[in-house]
Amino acid sequence: MARTSSLDYFDTESLLSEEERAVRDTIGEWVDEKFLPVIGECYIEGRFPKELIPQLADLGAFGANMPEKYGCADLNSVAYGLIMQELERGDSGVRSFVSVQSALVMYPILEFGSEEQRQHWLPKLARAEAIGCFGLTEPDYGSDPGGLITRAVKDGDEWVINGTKMWITNGSLADVAIIWAKTGDLDDPGSIRGFIVETDRDGFVAKDQKGKLSLLAADTSELALQDVRVPDDHLLPNSSGLRSALMCLNQARYGIAWGAVGAAMACYQEALSYAQNRVQFERPIAGYQIQQIRLVEMLTEITKGQLLALQLGRLKDRGELHHGQVSMAKRNNVNMACEVAREARRLLGANGILVEYQSMRHMANLESVYTYEGTHDIHGLIIGEDITGISAIS
Amino acid sequence: MNIIVCVKRVPDSEIRVAIADDGKTLDSQGIKYVLNPYDEFAVEEALKLRETAGEGDVTVMTLGSDDAKETLRTTLAMGADQAVLLKGEPSVDGLGTAEKLAEAIRDRECDLVLFGKQAIDDDNLQVPAMVAELLGLPCATVVVELEVSDGKLEAKREIEGAHELVRFELPGVVAAQKGLNEPRYASLKGIMQAKKKPLEEVDVGTVESRLEVLELKKPEERSGGVIVGEGPDAVPTLLQKLREEAKVL
């Protein structure tokens, strides 16, 4: 079968195991054969291709790095990263969808949930019989999530939740939301806990975010919770404070560091092929110095990003991953992908603005990826604090 | 129902191959190998037959070097139960390959042997029929539809300008054509389970080759075409050229 993702200038292929390659090729084939033929139209229509969700579930893409006993494939982190790379080679929207389901919904249930919660939710989420979303960000609390003002108040053996969440991927599609709320004083981020909230509960409303110019083939929503009641056993018992929510984000950011490489690969390959075929002044434009240098810069940065992501994965698999490293990889690779997408679009000239080509779609998507899951700047400050010992934000 | 599927590891059709310095073989440098695409249909059909029957084993077999294990594991990841590697250098002589396969199949209990109709590297289309002959089994090639019930197999074959429906009693040999089914993707769980499934290795010694490759040559580069004009005005000139120069009309 066709596989177009073999961009490998530094033979990183030889650093992967046979299984890691097989995982990448399987997801890559699916992206080439099932996803890429429909994404352009979905993007123009502004809809997520949810008819493809069962196929992703059959492949085992949801929670792929989680234990077999919950119906998952128990892959290592590198294989999981390669899934993210291949999905985002398709579109940031589909990678976001899988990221959220896996890293932001299944992961907190696995990490902070009770055994009953895991048994109940994880197999269902793995089979996509339930779709999940993650509600941390609020209209006034983005980069500063510790300030969030959603509250959960104990009433008998129930919790009553009130608040508004914004920029919630999968929000309108979701059957279940992981909602982060303060159970104590509003100035105490330590009182933040996670709750499993079914979206059909009274008082829960999801509203599609209108007017996006990025991630058009993804569901982005606002959630409003008004006196939403959940039983006590819906609290994630082992979640404690903002730190728990940030641990989830670290998982998602890990996937983004890989995903961005995929988006950049798609743009580079499109640009290279276009440059070799587009003739101006009786020569393929690939024969001009300016385009050669452009392509070389793109490939060089992608290659560095590949190696960064791979080493990040190996560290994660050894259990030696440090959050500053995740920040650096997310920050570098997404920024790199933004630049590569922009250069690819420019190389494509007028054709570059059309949906038949991928680069402008990736370019627009990546502006969101640059901003979400910790903005480029915030990740800079996280690393800055790590190396200087001085926090620039608090 | 026990099924043996014979498969081959071939160069990926998506990559450009180069001829090695000896002028007789492919330069293996930089070649990515895949499961022969027609064999994917054979594996898929075997899995479907096993699922319909609700019992039985699917064994995948190949003649090749150690590298072919990766190809076998691809089929195990798709859902095959076990694999057999007949360790030996595959020969360009289809009969040499067929002899080794037939020998290995003869020792095993099996109701059906499935093949892809051809391997996309040599394009010899020899092995399925030869294996059937060596085993004294009926054989249907270029099969696009298959039905098995009560120990009988009905196969729809593609022939020139028509379909032919054939029937035989099992055991027998079938070679799959594109269109027989849509091969499934290996699931990620399947990939992880593949390494735990049995992969038997059998040393089969030297594969006899009665055929010698003298030379491997790329087709000559085509020269550019001719644009005879534009719109309806160009049609007479085009017709004339097709008749007199290309001689296709």
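First the proteins, then the strands, lettered A, B, ... as listed; each starts at 1.
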Between CD of B:Q193 and CG of A:D74, what distance do you get to the nearest 0.5 Å?
11.0 Å
Drop me the distance from B:K32's NZ to A:D25's CG, to the nearest 0.5 angstrom.
4.0 Å
Give a yes or no on whether A:E41 atom CD has more than 12 heavy-atom contacts from other residues, nucleotides or ligands under 6.0 Å away.
no
Is B:K196 salt-bridged to A:E68, going by a charged N under 4.0 Å from an acidic O?
yes
Counting only heavy atoms not in B:I159 (residues, nucleotides, ligands), do more than 12 fall under 6.0 Å from its CD1?
yes
Surrounding OH of A:Y288 (heavy atoms of other residues, nucleotides or ligands, distance under 6.0 Å), is the total greater than 12?
yes
Quick one: CD on A:Q55 to OH on B:Y185, what's the gap to the nearest 0.5 Å?
7.0 Å
Shorter than 4.5 Å, heavy atoms on both sides: which option in B:G190, B:A77, B:S187 has the most such pairs with chain A?
B:S187
Quick check on B:E230: does its CD atom have over 12 non-hydrogen neighbours (other residues, nucleotides or ligands) under 6.0 Å away?
no
Proximity of residues 66-74 of chain B to chain A, residues having a non-hydrogen atom under 4.5 angstrom:
B:E70, B:R73
More than 12 non-hydrogen atoms from neighbouring residues, nucleotides or ligands closer than 6.0 Å to CD on A:Q292, yes or no?
yes
Are the charged groups of B:E182 and A:K34 less than 4.0 angstrom apart, N to O?
yes
Pairwise distance CZ(A:F62) to CG(B:L188) - rounded to 0.5 angstrom:
11.0 Å
Distance in Å, B:E14 CD paired with A:D32 CG, rounded so as to fall on 0.5 Å steps
8.5 Å
Rounding to 0.5 Å, atoms SG (A:C72) and CE (B:M192) come to a distance of 12.0 Å
For B:E55, look at atom CD and say whether over 12 heavy atoms of other residues, nucleotides or ligands are found less than 6.0 Å away.
yes
With a 4.5 angstrom heavy-atom cut-off, which part of A:D11 approaches chain B: side chain, backbone, both or neither?
neither
Within the supplied structure, the quantity of interest is the number of heavy atoms (other residues, nucleotides, ligands) at a distance under 6.0 Å from B:R16 CZ; does it exceed 12?
no
